[in-house]
Amino acid sequence: MLHSLAPPHGGEDNGAVFQGVREKDENLRIVLALGRELENRGIPVYYTRTTDVFQTPFEKAQIANQTGADFFLSIHRNSGVNPGEYSGVESLVYEKSGPALELAENINGALGEIGFKEIGVFAEPEIAVLRRTEMPAVLAEIGFINSEEDNRILEENFDEIVKSLADAVEGTISEEQIQAQAVRTYRVQVGTFREKNRASQLVERVKAEGFPVILDADQGIYRIQVGSYQELENAVTMERLLRRRGFSTLITD
Ligand SMILES: [Zn+2]
């Protein structure tokens, strides 16, 4: 499972600036620390930039697409019109569904526990890095750069924040893997036919022996299968029973 990290802004684009602190530097500092933490946990990371260079959001999306990463995460610091007016973390996604929403909620929740106000997750389909990326993408705003409260939380808990972001990423990845595995089931196949009559005859024979038989038709092929198991072991047990009754078998997933 690969992860693409995109520090926003860079080069001539400073992002938000407050009291001499430039957002582009803040973003890169957080991203490099997070990347190191993820790599230590065995999660490979691609960066759209690791130095102070300018890229358009479209270029960032293109770089990510070329890596084939499974997630895209862009880390910003937010900025209010007036200093101190707003504070808290928010995450933006293309649409509020699927793995991107899950990652966004995990990030907000993790940072909320550290003490940031949780503003929420919002759908922003017009943002280029969300629209142009081919993988689930999240743009996370790690507090407001012109909120003294947010800056204090960030400085006092920097290492913990990096670990929490990594936990959010790692948690989302393992949740996705568990879901992918749950969908995978094993069946014991006792025959395939192009003719429906012959398939039906075998279905009747299997049924007569008392097995839970399924007739699966796909693109003109009839597959006769028995059971549906998440554990390979259980499919093997069923296969043994079927063979004992004289059926020829094959385990499929
Ligand atoms: Zn920004």
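Counting starts at 1 for both ligands and their atoms, in listed order.
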Is a side-chain donor-acceptor pair under 3.5 Å present for Arg243 with Thr249?
yes
Any side-chain donor near an acceptor of the partner, Glu90 and Asn108, under 3.5 Å:
no
So Phe144 and Tyr86, would you call those rings parallel, tilted or perpendicular, with 30° and 60° as cut-offs?
tilted
Do the numbers put Arg29 on top of the ring of Phe158, so that NZ or CZ is under 6.0 Å from the six-membered ring centre and no more than 45° off the axis?
yes
Straight-line distance of Asn234 CG to Tyr229 OH, nearest 0.5 Å:
7.0 Å
Enumerate the protein N/O/S atoms at a distance below 2.8 Å from the Zn ion (ligand 1), ignoring waters.
His9 NE2, Glu23 OE1, Glu23 OE2, His76 ND1
Test of understanding: with ring-ring contact (aromatic ring centres under 6.0 Å, His included), list the residues that count as partners of Phe116, not counting sequence neighbours.
none
